[in-house]
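Structure first, commentary second.
Please read all numbers here as calculations on a predicted model, not as lab measurements.
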Amino acid sequence: MAKVPKRDAKPADRSRTDGRKPFLAYLDADLIKKLKKAALDDERNAYEIVEEAVKDWLAERSRRRRRE
């Protein structure tokens, strides 16, 4: 009989050499489809586009807060 792993077993080490960590966000299905197409068109990874967009948004947010 095959062994079934215990639920409390440690997950496999999935650390990345670039230091990125996983982050789950739920997005509209149409937005995901457009993001994937844009990534293919631009020969980039979708996560790179999302990371760039978040960095841009945070920078703009920081600028707006400084003006207040």
Holding to salt bridge (charged side-chain N to carboxylate O under 4.0 Å, His left out), I want the full list of residues that pass it with [X], two or more places apart in sequence or in another chain.
{"X": "K36", "result": "none"}
{"X": "D28", "result": "none"}
{"X": "K34", "result": "D30"}

Exercise. Residues sharing L35's hydrophobic cluster, by side-chain heavy-atom contacts under 4.5 Å among ILVMFWY, directly or via others?
Worked result: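 Traced through the cluster, L35 reaches I49, V50, V54, W57, L58.
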
Problem set entry | Whether over 12 other heavy atoms sit under 6.0 Å from R65 CZ |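 Counting other residues, nucleotides and ligands, CZ of R65 stays at 12 neighbours or fewer.
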
Problem set entry | Residues forming a side-chain hydrogen bond (donor to acceptor under 3.5 Å, both in side chains) with D56, sequence neighbours excluded |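 D56 satisfies side-chain hydrogen bond (donor to acceptor under 3.5 Å, both in side chains) with no other residue.
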
Exercise. Do you know which two heavy atoms are closest between A46 and A39, and how far apart they sit?
Worked result: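 In this case the closest contact between A46 and A39 is N-CB, 3.8 Å.
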
Under 3.5 Å, which donor-acceptor pairs do the side chains of residues 19-26 form with other protein atoms, sequence neighbours left out?
unit_1: R20; atom_1: NE; unit_2: E51; atom_2: OE2; d: 3.1
unit_1: R20; atom_1: NH1; unit_2: D18; atom_2: OD2; d: 2.6
unit_1: R20; atom_1: NH2; unit_2: E51; atom_2: OE1; d: 2.8

For this session: Look at E68 together with R61 and state whether they make a salt bridge at an N to O cut-off of under 4.0 Å.
Result: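 The answer is no: the pair does not qualify as a salt bridge.
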
Problem set entry | Test log, rule salt bridge (Lys or Arg N to Asp or Glu O under 4.0 Å), inputs E60 and R63 | CA-CA 5 Å; E60 178 58 30; R63 284 190 291 275; 3.0 Å; yes

